[in-house]
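Encoded as structure tokens, the structure appears first; notes follow it.
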Amino acid sequence: MMNRFNRWQAVIFAAIFIGYAAYHINRKSFTYLMTFILDDTNLDKKDLGIVTSSITLSYAFSKFASSIVSDSVSPRFQFASGLIIVGLCTLQFSASSNITTFAVVYFINGLGQGSGWPPCVKFLKQWYSPSQLGFLWSVLSASGNVAGITGPLLLPYLAVTYGWRTAMWCAGVAAITIACIVGATIQNKPSDVGLTLNEDGEMSKSAKTSEEDEETSESNEVSKQEHDANLLGKENSERTLESRNEKSDSGYAEPEQKKDGLSSHTKKSGKKDQLLNNDRIKRRKSPSKNSARKNALKSLKTKDEPKRSTKKDVFGSPFLWIIAFLFFMVRFIANSCEDWSQLYLVQEKGFPVTIGSTFLSTHAIGAVFGSISSGYITDRLVAKHGILKRGSARYSLVIMMFAINVCAIHCFRSYVTRESSLSFVHLLAVLMGACQYSCFSIYGVLVVEHSPSHLTGTSHGMCALFANLGGVMAGYPMSYLSKQYDWSTVYLCVELASLTSLVTLLLTRNVPSTIGRRGKQRKD
């Protein structure tokens, strides 16, 4: 049976998984309904590129800013409010008809989209243990791919049945509804519900509370000892005084010398008792060996505090810029396949619209498989080899995936024709989705894994900015290129970008992988 902490973990993960899927559907709704919008409006290829680039451009900078802001803002509020903005923009888009309004509304949509992923990172860090990070990161990333499976099937179905505006309206209403439910359900961190996370990712009492309880019980025990010592001293003094009074009442008077001797003896024994009591109290108050170790560790941490990495150290790390470049390339490749493959198959290869939609869905199925399996496999590799000072144990899988991706895109561009088997076309879609999104997921883990813990938001935000700039390049520039030449030229550029990424991975597989100034790592 699940305990209370595990139930909260399940609720939090389910809520952000569904919420992020809603973000993705509203971000890609224009892409899924592109052919219907083209038939109903006067847009051309160039206009399509303007709309897609407007959202990716605003999303790039919004996500970067949100990554930094997320350290000081409630992630629950940020996640829910961003999703409400996204839903309202989708509703407005469904009521619009001209390119200017489309571009402006989608630009605002992108600003709201930036509040989706950074809060998810905060929830993962707050609610789950480090040993779960790689796998849960991959599963959560796959929520967008799950939306990519259902979106290209559900929204076109609604568009055929009721029209594209109704399909857009349904997506917007669903986003606002989910935002309200998620905002009322999730909590920012375990301490908000009286829980905390231990090293094993299980429920435990707050460390702070337990320390306070220990200190309180220790001080109570010391106070009790002091109280007992005082009572003992009072009883001894009262007995001495009573015996003196009895002697004086009986008329007996001690010689002066003897009286002084007895007095000095009493003083000495009293001092001895007091010293014993003080020694006992000091021993009670003195810290244990564990406490001494804790104090030593704290002093070492204080000495090392000035040596902590700064943002300047992070931005000066070559490995950060390598991953940022790879992020840029993989997002450019993935967005190009998602945004233009449907039109490529329909307009240039002569396939029906339904095949274009199912191609996007199978691409997303491959992305789900790639995201989840890559997180699991590379977690096992890291467990075996550790976090390396040069390169990463995760690199081997990324190189293999990009080699397959280059081959799949080449076959898609060169060998797919109207007579091609649909199984072959969809197999290529699955391979491309799996390879592209496995690499995308691993890059995110690499940035967090090799960055200082207090600057993971900044380093991941910088890489996310580059990734979204790659998405911008896949928008208007590629649509302009298709208008000047054709869609085959677009996919030639995508193939060259894949080959460039593969060469970069091979050349940088042994570079120092430290981001910022960090302490000792586990293995060379």
Side-chain angles (χ1 to χ4, degrees), residues 23-24 26-32 34 43-68 82 85-86 89-90 93 99-118 141 144 148 320-321 323-344 360 363 367 409 436-437 439-440 443-444 447 460-485 487 489-498 500-501 504:
Y23 268 104
H24 186 88
N26 282 264
R27 183 165 70 247
K28 291 291 184 180
S29 56
F30 176 76
T31 301
Y32 301 150
M34 197 177 285
L43 301 182
D44 59 15
K45 291 180 181 180
K46 181 180 173 183
D47 296 331
L48 297 178
I50 291 172
V51 176
T52 56
S53 290
S54 66
I55 188 171
T56 49
L57 182 63
S58 60
Y59 180 44
F61 292 102
S62 174
K63 190 173 180 180
F64 176 68
S66 296
S67 298
I68 297 172
I85 291 171
V86 166
C89 289
T90 306
F93 194 96
I99 179 61
T100 304
T101 308
F102 284 159
V104 171
V105 170
Y106 239 43
F107 184 86
I108 299 171
N109 190 339
L111 295 178
Q113 290 284 343
S115 296
W117 186 253
S141 299
L320 175 72
W321 299 106
I323 299 298
F325 173 74
L326 293 170
F327 253 123
F328 175 90
M329 299 301 285
V330 75
R331 176 50 75 189
F332 167 76
I333 295 162
N335 273 34
S336 296
C337 292
E338 291 172 348
D339 292 346
W340 309 123
S341 58
Q342 188 177 22
L343 292 179
Y344 173 66
L360 291 179
H363 182 276
I409 292 176
Q436 291 159 13
Y437 276 89
C439 296
F440 193 79
Y443 293 156
V447 173
H460 185 268
M462 174 57 68
C463 290
L465 174 64
F466 272 73
N468 289 294
L469 290 176
V472 174
M473 289 300 295
Y476 177 74
M478 293 298 102
S479 67
Y480 180 81
L481 193 63
S482 70
K483 189 175 181 179
Q484 297 297 316
Y485 299 98
W487 290 113
T489 306
V490 169
Y491 277 92
L492 175 61
C493 294
V494 174
E495 185 180 343
L496 291 174
S498 298
T500 303
S501 294
T504 303

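Among all heavy-atom pairs drawn from Ser336 and Met478, the shortest one is OG-CG, 4.2 Å. The nearest pair of heavy atoms linking Ser58 to Leu111 is OG-N, 3.6 Å. Pairing each heavy atom of Ser141 with each of Trp117, the nearest pair is OG-CH2, 3.6 Å. Taking each heavy atom of Tyr437 and Ala334 in turn, the nearest pair found is CE1-CB, 4.2 Å. When all heavy atoms of Ile55 and Asn109 are compared, the pair lying nearest together is CD1-CG, 4.0 Å.
Ser66 places a side-chain N or O within 3.5 Å of a backbone atom of Gly114 that can act as its donor or acceptor partner. Of the possible donor and acceptor atoms, none in the side chain of Ser62 sits under 3.5 Å from a partner among the backbone N and O of Tyr59. Distance alone, capped at 3.5 Å, is enough to place a donor-acceptor pair between the Tyr491 side chain and the Ser341 backbone.
At a threshold of 4.5 Å between non-hydrogen side-chain atoms, the residues Ser115 and Tyr23 count as touching. Taking the side chain as every heavy atom from C-beta outward, Gln436 and Ile409 approach each other to under 4.5 Å. A 4.5 Å side-chain heavy-atom check between Phe107 and Cys89 finds every atom pair outside the cut-off. Residues Leu57 and Phe61 are in side-chain contact: their nearest non-hydrogen atoms beyond the backbone lie under 4.5 Å apart.
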Assess whether side-chain contact (heavy atoms from CB on, under 4.5 Å) is satisfied between Gln113 and Val86, documenting all intermediate values. CA-CA 7 Å; Gln113 290 284 343; Val86 166; 3.4 Å; yes
If you apply the rule ring pair (Phe, Tyr, Trp, His ring centres under 6.0 Å), what do you find for Phe466 with Phe327, and how did you get there? CA-CA 6 Å; Phe466 272 73; Phe327 253 123; 9.5 Å; no
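Looking at residues two or more places apart in sequence or on another chain, you find a side-chain hydrogen bond (donor to acceptor under 3.5 Å, both in side chains) between Thr90 and Asn26. With sequence neighbours left out, the side-chain contact (heavy atoms from CB on, under 4.5 Å) criterion links Asn335 to Lys28, Thr56, Arg331, Glu338, Asp339, Ala474.
The aromatic rings of Phe93 and Phe30 sit perpendicular to each other, their planes meeting at more than 60°, with 30° as the lower class boundary.
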